[in-house]
A.B. asks: 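I'd like to ask you about the structure that follows.
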Protein chains: 4
Amino acid sequence: MPTGLAYNHWSLTSGYMLVGGINLTSKKEQRSEETKHSIIAAAEKLFSKQGYETVTIRQIAKEAGCSHTTIYIYFQDKEALLYALSTQPLELLKTSMDMLSVDAFLSSDEKLRRLNEQFIRFCLDNRSMYSIFFEAKSARVDEFEPELAINRIRQHMHHIISRLLGTYLNVPDGDGLLSCSRIYFYMLRGIVGTYTQSEESADSIMARLSPTFHAAFEALLLGFDKQLQDRNE
Amino acid sequence: MPTGLAYNHWSLTSGYMLVGGINLTSKKEQRSEETKHSIIAAAEKLFSKQGYETVTIRQIAKEAGCSHTTIYIYFQDKEALLYALSTQPLELLKTSMDMLSVDAFLSSDEKLRRLNEQFIRFCLDNRSMYSIFFEAKSARVDEFEPELAINRIRQHMHHIISRLLGTYLNVPDGDGLLSCSRIYFYMLRGIVGTYTQSEESADSIMARLSPTFHAAFEALLLGFDKQLQDRNE
Amino acid sequence: MPTGLAYNHWSLTSGYMLVGGINLTSKKEQRSEETKHSIIAAAEKLFSKQGYETVTIRQIAKEAGCSHTTIYIYFQDKEALLYALSTQPLELLKTSMDMLSVDAFLSSDEKLRRLNEQFIRFCLDNRSMYSIFFEAKSARVDEFEPELAINRIRQHMHHIISRLLGTYLNVPDGDGLLSCSRIYFYMLRGIVGTYTQSEESADSIMARLSPTFHAAFEALLLGFDKQLQDRNE
Amino acid sequence: MPTGLAYNHWSLTSGYMLVGGINLTSKKEQRSEETKHSIIAAAEKLFSKQGYETVTIRQIAKEAGCSHTTIYIYFQDKEALLYALSTQPLELLKTSMDMLSVDAFLSSDEKLRRLNEQFIRFCLDNRSMYSIFFEAKSARVDEFEPELAINRIRQHMHHIISRLLGTYLNVPDGDGLLSCSRIYFYMLRGIVGTYTQSEESADSIMARLSPTFHAAFEALLLGFDKQLQDRNE
DNA sequence: CATGAATGAGTATTCATTCAT
DNA sequence: GATGAATGAATACTCATTCAT
């Protein structure tokens, strides 16, 4: 079951360059795009592996096969690069989650199941996302506009999960539901955090462990159910 | 409420130096120990607050009230200090978990409950532990001796949890149990990861959220139970 | 009020391109000239405002409305631009001073008065000139041709002033006159140096302080006179 | 006629280290002082020659014969070095001028004469002072405390000169006097600016030109006198 | 044992300049 | 002629670490 997320954001952005099969971009522009792409790819890779702080601009440049100064042609500074990296994937994730959450043909537990998978895959595909999403690295995160992308989606996701859980468990908003969605988030974070740092490919991880992930959330849902029953008796 | 862990390991370690009331250490040695102690205490405090990377040797020295060069008398480098710092707490944690796991008067679910709490508190009290324990920071981790301490205890903990879960769920070793203990670990990691980076004090977090943490593991155990029942029917 | 200097040298230089009403320059050449002009204008503006060092090539390009690489088509490097900028104004200043000095209808003190004003205005209008004129910025000044323009005019100006002072004071060439013209130069430099770095506009400065400037030189001349009288008594 | 200023501020500061002929400083401290001194000397030399902005920390380090990082042991940053350089000499100058201005045995024109010479020598001995004193290089100058040293003394000097001129010319405070003291300052600045950038030694300059400097101010004073007489007639 | 002095390698960032088109 | 892409050298500043005492 594909998650349907276009994780490689370039496949999308490059789209406008092709009009009726005719490539309107000059060679220059194309090379420029390639360079930018390679910088993004390099940064993505390194941020994921080592974390934002410890990666140096020069490392990124080396990995991208360009001079470190070139990076500054495309991105104002290191932080801008981080946010350029994260904004689009996050928006895509959000869109995808929104679409999922309003799907009329799916039950709420099916929705949760897919949401889990989507989110896990997303984090494994964009491993630098983990620190951005969960660890809110830099000061800017709490001060400027880019933060919004992250915070907005984080809260949005909490909201969606909370709503789906409420529907599934058939409980109204309140402390009980808040607690459940918090726990649900712990699990997501625990899973993603565990594998985000491994060298294993996303595909391999999913192939090997998606039943475990599935079981994890199933257990949680069953557990929540049981807790509610016990409380009501 | 038995966290039972003596986090200040010096209170313990200094003990052996007194044998039958006779102080075997010279004054010099004592002062030396004090210096080492103050360095460790300072590093512990700062690493916990700011994280390993951002703390500087000079900061530690200042906090410890000695020259930065003195630190190199006792520890080969900054990383060695980190590991010196972590080894003992980890051993204490291990000991404590071991004692817990063999306690004849506790049920396995009570043991799990206490283990959760112990571990969470431990990580919140030693926040630099999180990255050491879960993220295996530096290359050294995979190369030198200190790694052992961490890996040993990590595996050991898996083992204990696995055993306790097996007893509690009444299932033999095997894939099912492995999956359950993995999931259990995800939850631990998710919780610890979430709060390890916050500014809130361990006490405050525990006061505010320990019921949630408790509910999380309870839900899991209930869920595991249900999954087993369903599978057997 | 005859400052009489055409600071915009392009109004003059473009003149020669029209011979007998026939435009000998092609459209291309014309556009090229325009670009060059806009670069010079931009550089002039920015150097005057911010000083040579802090202005960047890209700033100039932006101000000139062209690419930064274009600048290198017209000028070998940033310094060459500075000298290209300064040579012509300096020549104009020289010409203007020459014309003034040979004017048959003006008394020598009137000539000095106008010369002061011309020179002060010139420096305030071309503030980057100050450092070029008085401080002989770069090594190149002592190595290449452009220096000549500056040194030549500097000496020329000394010469003119010396001559005018000699006439005015009615003394022959010699140490006394040299000393007087040096002192005269100190005053010029002191005035120009004081205001060349201020943000105030040339017009505003002149409006506010030209009586002071006038008084300064008047005092000097009166003082020189008195000194000579005293010496002769 | 010695100006009485201890331009080498080290001769003063080192004073306290000798108590009754016994050198209380350890070798370490001594070497430290030497290093600091060499850094100051190097910075002084280079700032004077090239100006603050264009001198690099590494240049200073090279000139001082130490690593560039050593500079940061003694001075917080480049700017701190500039101010460390300037504060003491400025204070000494101020003290010296104050003492001069209250001297009961000197006439006001004699005071002015000595003040000129003192100030000129001071600027020639501390050539980086010129830009600090007259050009107020960095932003900090207008924002933070160090500025005070410079502004305070600048204004103080204006004040002293104004007062002495008022006494000498026998005119009350007012526009006339303001104009005169401004002009007086132009001359000071012109002289100092002219020779501050030359390679010639202060001694040589003074030997060669102090009569000219003297003549310059004498001419000004005579001129001011004459202007006042003319105005009163 | 302890320390102040000193340093080399490294950080993000900027800028004048060149190259390929 | 004109330009966007790319770069090497340089900038101030930091930090873990070593050396001499």
Side-chain angles (χ1 to χ4, degrees), chain A residues 26-36 53-61 65-79 81, chain B residues 26-29 31-36 53-61 66-79 81, chain C residues 26 28-29 31-36 53-61 66-81, chain D residues 26-36 53-61 65-79 81:
Chain A
S26 71
K27 268 188 187 165
K28 246 186 196 170
E29 274 169 347
Q30 207 175 322
R31 214 182 54 175
S32 172
E33 282 296 322
E34 273 165 25
T35 304
K36 190 174 182 179
E53 304 284 4
T54 64
V55 173
T56 74
I57 286 281
R58 280 175 148 90
Q59 257 183 300
I60 298 171
C66 67
S67 161
H68 60 281
T69 53
T70 303
I71 292 174
Y72 290 95
I73 296 170
Y74 296 100
F75 305 94
Q76 212 181 34
D77 56 26
K78 200 181 161 191
E79 219 166 10
L81 180 51
Chain B
S26 73
K27 266 184 187 167
K28 248 189 186 173
E29 276 167 348
R31 223 186 52 184
S32 170
E33 281 298 318
E34 274 165 23
T35 305
K36 189 173 182 181
E53 304 284 4
T54 63
V55 174
T56 74
I57 285 280
R58 282 177 145 89
Q59 259 183 297
I60 297 169
C66 68
S67 162
H68 57 282
T69 51
T70 304
I71 293 175
Y72 290 93
I73 296 167
Y74 296 100
F75 305 95
Q76 209 184 30
D77 56 27
K78 201 183 165 191
E79 215 166 12
L81 179 51
Chain C
S26 73
K28 248 189 183 171
E29 278 169 346
R31 223 186 53 185
S32 170
E33 281 298 320
E34 274 166 23
T35 305
K36 191 174 180 180
E53 305 282 5
T54 65
V55 174
T56 74
I57 285 280
R58 281 175 146 89
Q59 258 183 297
I60 297 170
C66 69
S67 161
H68 57 285
T69 52
T70 304
I71 292 174
Y72 289 93
I73 295 166
Y74 296 100
F75 305 95
Q76 208 185 30
D77 57 25
K78 201 184 164 190
E79 215 166 13
L81 179 51
Chain D
S26 72
K27 268 187 187 165
K28 249 185 195 171
E29 275 168 347
Q30 206 175 323
R31 212 181 57 177
S32 171
E33 284 295 323
E34 273 166 25
T35 305
K36 192 174 181 181
E53 304 284 3
T54 64
V55 173
T56 74
I57 286 282
R58 280 175 149 89
Q59 256 183 301
I60 297 170
C66 68
S67 160
H68 61 280
T69 52
T70 303
I71 291 173
Y72 290 96
I73 297 170
Y74 295 99
F75 305 95
Q76 212 180 34
D77 55 26
K78 200 183 163 190
E79 219 166 8
L81 179 51

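Chain naming here is simple, since letters A, B, ... match the order of the sequence lines and numbering starts at 1 in each. Everything numeric in this text was worked out from a predicted model, so none of it was measured.
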A.B. asks: Determine, stepwise, if the pair B/Leu81 / B/Ile60 fulfils side chain to side chain contact (heavy atoms under 4.5 Å, CB included).
C.D. replies: CA-CA 11 Å; B/Leu81 179 51; B/Ile60 297 169; 3.9 Å; yes

A.B. asks: Using heavy atoms to find the nearest nucleotide of DNA chain F for D/Gln59 and C/Ile73 separately, return the residue whose nucleotide is more 5′.
C.D. replies: C/Ile73

A.B. asks: As a check on the pairing definition, encode DNA chain F in dot-bracket form, counting Watson-Crick and G-U wobble pairs whose two distances are under 3.5 Å, and using | for partners outside this strand.
C.D. replies: .||||||||||||||||||||

A.B. asks: Out of curiosity, D/Glu33 CD to D/Tyr74 OH, how far, rounded to the nearest 0.5 Å?
C.D. replies: 8.0 Å

A.B. asks: Can you sort out the partners of B/Thr69 under side chain to side chain donor-acceptor pair (under 3.5 Å), two or more places apart, ordered by chain and number?
C.D. replies: B/Ser67

A.B. asks: Tell me which of A/Ile71 and C/Thr70 sits closer to the 5' end of DNA chain F, going by the nucleotide each one is nearest to.
C.D. replies: C/Thr70

A.B. asks: Round to the nearest Å and state the distance from D/Ile60 atom CD1 to F/dA10 atom P.
C.D. replies: 17 Å

A.B. asks: Return no unless some side-chain N or O of D/Ser32 is found under 4.0 Å from OP1 or OP2 of E/dA5.
C.D. replies: yes

A.B. asks: With sequence neighbours left out, write down each residue that passes side-chain contact (heavy atoms from CB on, under 4.5 Å) with D/Glu34, or none if nothing qualifies.
C.D. replies: D/Gln30, D/Arg31

A.B. asks: Under 4.0 Å between a side-chain N/O of C/Thr35 and OP1 or OP2 of F/dG1, yes or no?
C.D. replies: no

A.B. asks: Rounded to whole angstroms, how far apart are CD on B/Glu34 and P on E/dA2?
C.D. replies: 10 Å

A.B. asks: May I have the distance from C/Leu81 (atom CG) to E/dC15 (atom C1'), rounded to whole angstrom?
C.D. replies: 15 Å

A.B. asks: Can you name the residues that form a side chain to side chain donor-acceptor pair (under 3.5 Å) with B/Thr56, not counting sequence neighbours?
C.D. replies: none

A.B. asks: Has B/Tyr74 got a side-chain N or O lying under 4.0 Å from the OP1 or OP2 atom of E/dC1?
C.D. replies: no

A.B. asks: Expressed as a whole number of angstroms, how long is the span from C/Glu33:CD to F/dG1:P?
C.D. replies: 12 Å

A.B. asks: Rounded to the nearest 0.5 Å, what's the gap from CD on A/Glu53 to NZ on A/Lys78? Could you check?
C.D. replies: 6.0 Å

A.B. asks: B/Ile71 and B/Cys66: which non-hydrogen atoms are nearest, and at how many Å?
C.D. replies: CG1-SG, 4.5 Å

A.B. asks: Which letter, B, S or -, goes with each nucleotide of nucleotides 15-21 of chain F from 5' to 3', with contact meaning a protein heavy atom under 4.0 Å?
C.D. replies: BBBBB--

A.B. asks: Holding to side-chain contact (heavy atoms from CB on, under 4.5 Å), I want the full list of residues that pass it with D/Tyr72, two or more places apart in sequence or in another chain.
C.D. replies: D/Ile57

